[in-house]
Amino acid sequence: YPLCALAVVRRAAKCINAHPYKENLSSFVYSVAVLPDGRIISVGEDRTARVWNQDGSLLQVIQHPSSVRCVCVFPNGDFVTGSDVTARVFTRNSVRKASEQVITDFNNIVQASKAPEGDQEDMEMLNPDDYPGMEALDEPGTEGEMKIVNAPGTRA
């Protein structure tokens with residue numbers, strides 16, 4: 001298979017690992033899915049898909065050119081991620097593997113999208129205390145608006 005801060009992957013109500021981004025930075029996990037063999041995939045704002053063993057150990061980090069909003073699993077064990085305006089399918093099966101040119105193009109897009117060294121340090125940290133509580137979701141919004149709230153019991 002070819003980055004989300006502080007979100008917790010849970011299995012049977014037991015915390016097995018965290019999906020970290022980088023020290024002192026926070027980000028959102030947008031989607032989690034389970035592969036047919038029990039491995040877990042988490043994706044998020046940090047531009048990654050992460051593949052985890054059932055025991056919570058990290059198997060692989062797949063960088064993307066922008067935030068990864070969703071992940072879906074196919075019955076054959078392949079999975080698809082939604083990032084930027086593109087759906088990308090990842091597989092372990094060599095028969096379905098992308099051509100070397102497609103893989104090179106993907107790696108070039110990911111590399112070109114990275115912030116110059118040092119810019120990451122300038123990113124504003126997310127502080128849950130800066131956001132309103134769940135009651136903010138009761139207020140009308142506008143089309144396409146995203147509300148960020150501080151939900152009780154969700155801090156790691």
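- Residues Ser42 and Trp52 form a side-chain contact, since some pair of their non-hydrogen atoms from C-beta on lies under 4.5 Å apart.
- Taking NZ of Lys97 as the reference point, atom CG of Asn93 lies at 11.5 Å (rounded to 0.5 Å).
- The hydrophobic clustering, which links ILVMFWY residues whose side-chain heavy atoms are closer than 4.5 Å, places Val80 and Phe106 apart.
- A donor-acceptor contact under 3.5 angstrom links the side chains of Asp105 and Gln101, judged on distance only.
- Using a 4.5 Å cut-off on side-chain heavy atoms (C-beta onward), Thr81 and Phe79 make contact.
- Nearest heavy atoms, Arg47 versus Pro65: NH1-O, 3.2 Å.
- Ring to ring, His64 and Tyr30 are not that close: their centroids are 6.0 angstrom or more apart.
- Minimum interatomic distance between Arg96 and Thr91 (heavy atoms only, all atoms of both residues): NH2-OG1, 3.5 Å.
- When all heavy atoms of Val73 and Val34 are compared, the closest pair comes out as CG2-O, 3.8 Å.
- Contact between Cys70 and Ser31 at its shortest, heavy atoms only, is CA-CB, 3.7 Å.
- Note that CD of Gln63 and CD1 of Ile109 are 13.5 Å apart. Values are rounded to the nearest 0.5 Å.
- If you chain together hydrophobic residues whose side chains sit under 4.5 Å apart, Ile103 and Val51 never meet in one group.
- Of the inter-residue distances, the one linking Arg92 atom CZ with Arg39 atom CZ reads 4.5 Å to the nearest 0.5 angstrom.
- Residues Arg50 and Val61 share a closest heavy-atom pair of NH1-CG2, 3.7 Å.
- Two residues are said to be in side-chain contact when any heavy atoms from C-beta on lie closer than 4.5 Å; Ile40 and Val32 meet this criterion.
- By the 4.5 Å heavy-atom criterion applied to side chains, Ile41 and Leu35 are counted as neighbours.
- In this structure a side-chain-to-backbone donor-acceptor pair under 3.5 Å is present from Gln54 to Asp37.
- With Asn53 contributing its side chain and Asp55 its backbone, the two residues share no donor-acceptor pair below 3.5 Å.
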